[in-house]
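I have placed the structure first, in the form of structure tokens, so that the comments after it can refer back to it.
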Amino acid sequence: QVQLVESGGGLVQAGGSLRLSCTASGGTFSPFAMGWFRQAPGKDREFVAAISWNGINTWYADSVKGRFIISRDNAQITMYLQMNSLKPEDTAVYYCAQEKMTNPTDQFMSLAGVTTIVNWGQGTQVTVSS
């Protein structure tokens, strides 16, 4: 059973940067799509970014496009989320997830009716102060 472990969260001032990591323990990411999601207090979990099994194709929520970069290193079984120009509204617990598809589905990115998520991480807190 693959376990996903996030790290890299913390407290940062608005305009700053953080890099989150998601590492697979006991297995591998390949050949599945991966994604980052976040959940702020009192809000639903929402899509942030996704990446295809080979790292070539990426997708982003409009709210983070141009500021966040998702990447993966299948050899090192680690996925990253580089977060730049952080805003207070980016404050949330960030989760990584693995989908049993080579490319992320619309259901995966919307979390609506998705049945193909095979793993979630435990989450890492990101807090952006104004």
Side-chain angles (χ1 to χ4, degrees):
Q1 177 73 22
V2 176
Q3 289 188 321
L4 304 180
V5 180
E6 301 97 336
S7 61
L11 174 64
V12 64
Q13 287 189 330
S17 298
L18 281 175
R19 189 174 82 155
L20 305 183
S21 299
C22 172
T23 302
S25 173
T28 178
F29 288 154
S30 295
F32 298 148
M34 299 289 297
W36 286 99
F37 298 80
R38 67 188 181 186
Q39 187 165 16
K43 295 188 176 181
D44 292 336
R45 192 169 297 189
E46 65 176 7
F47 168 73
V48 175
I51 189 165
S52 61
W53 71 277
N54 56 7
I56 291 177
N57 297 306
T58 57
W59 293 259
Y60 296 94
D62 288 343
S63 59
V64 307
K65 203 170 292 183
R67 300 188 297 123
F68 291 10
I69 301 172
I70 187 172
S71 61
R72 65 191 291 168
D73 182 338
N74 286 341
Q76 298 296 322
I77 54 174
T78 302
M79 178 178 67
Y80 303 97
L81 185 69
Q82 177 66 42
M83 304 187 295
N84 301 319
S85 302
L86 282 161
K87 304 175 181 180
E89 50 264 43
D90 294 318
T91 295
V93 178
Y94 283 71
Y95 299 89
C96 62
Q98 183 179 34
E99 185 182 19
K100 198 175 182 180
M101 304 290 283
T102 53
N103 288 306
T105 62
D106 290 341
Q107 291 84 353
F108 178 67
M109 291 189 282
S110 67
L111 292 179
V114 61
T115 60
T116 50
I117 293 179
V118 293
N119 276 304
W120 283 100
Q122 84 290 347
T124 186
Q125 176 71 46
V126 171
T127 303
V128 184
S129 63
S130 57

Point to revise | K65 atom NZ, neighbour heavy-atom count above 12 within 6.0 Å | key: yes

Counting only heavy atoms not in Q3, do more than 12 fall under 6.0 Å of its CD?
no

[X] versus [Y], closest heavy-atom pair with distance:
X: C22; Y: F29; result: O-CZ, 3.2 Å
X: F108; Y: A50; result: CE2-CB, 4.4 Å
X: E6; Y: G123; result: OE1-N, 2.8 Å
X: C96; Y: M79; result: CB-CE, 3.6 Å
X: V2; Y: G26; result: CG2-O, 4.1 Å
X: A33; Y: P104; result: CB-N, 3.5 Å

I51 and side chain to side chain contact (heavy atoms under 4.5 Å, CB included): which single residue from T58, N103, I69 fits?
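That would be T58; it is the only one of T58, N103, I69 passing the side chain to side chain contact (heavy atoms under 4.5 Å, CB included) with I51.
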
Between T127 (side chain) and T91 (backbone), is there a donor-acceptor pair under 3.5 Å?
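Side chain of T127 to backbone of T91: no pair is present.
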
Practice problem: Check for a donor-acceptor pair, side chain of Q98 on one end and backbone N or O of F32 on the other, with a separation under 3.5 Å. | Solution: no

Determine whether E99 and T105 satisfy the following criterion, side chain to side chain contact (heavy atoms under 4.5 Å, CB included), listing intermediate values before the conclusion. CA-CA 8 Å; E99 185 182 19; T105 62; 2.6 Å; yes

Less than 4.5 Å apart, any side-chain heavy atom of R38 and any of V126?
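The answer is no; the side chains never approach within 4.5 Å.
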
(request) Compare all side-chain heavy atoms of M83 with those of V12 and state whether any distance is below 4.5 angstrom. (result) no

Rounded to the nearest 0.5 Å, what's the gap from [atom1] on [X] to [atom2] on [Y]? Could you check?
X: N54; Y: R72; atom1: CG; atom2: CZ; result: 8.0 Å
X: I77; Y: S25; atom1: CD1; atom2: OG; result: 7.5 Å
X: N119; Y: K100; atom1: CG; atom2: NZ; result: 11.0 Å

(message) I'd like to know whether V128 forms a side chain to side chain contact (heavy atoms under 4.5 Å, CB included) with K87, so could you lay out the CA-CA distance, the side-chain angles of the two residues, the decisive distance to 0.1 Å, and finally the verdict.
(response) CA-CA 6 Å; V128 184; K87 304 175 181 180; 5.5 Å; no

> Can a donor-acceptor pair be found between the side chains of S71 and Q82 at a distance below 3.5 Å?
Replying inline: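 Distance-only check fails for S71 and Q82.
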
Q. Transitively linked via ILVMFWY side-chain contacts under 4.5 Å: M34 with L81?
A. yes

Inset, instruction - Report whether L86 and L20 are members of the same hydrophobic cluster (ILVMFWY, side-chain heavy atoms less than 4.5 Å apart, transitive linking). - result: yes

For residues 52-104, the ring-ring contact (aromatic ring centres under 6.0 Å, His included) pairs (sequence neighbours left out) are none

Legend entry - Set of side-chain contact (heavy atoms from CB on, under 4.5 Å) partners for L111, sequence neighbours left out: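 Listed in chain order: F37, R45, V114, I117, W120.
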
### Message
Which residues pass the side-chain contact (heavy atoms from CB on, under 4.5 Å) test with S7, not counting sequence neighbours?
### Response
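If we apply the side-chain contact (heavy atoms from CB on, under 4.5 Å) test to S7, skipping adjacent residues, the hits are S21.
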
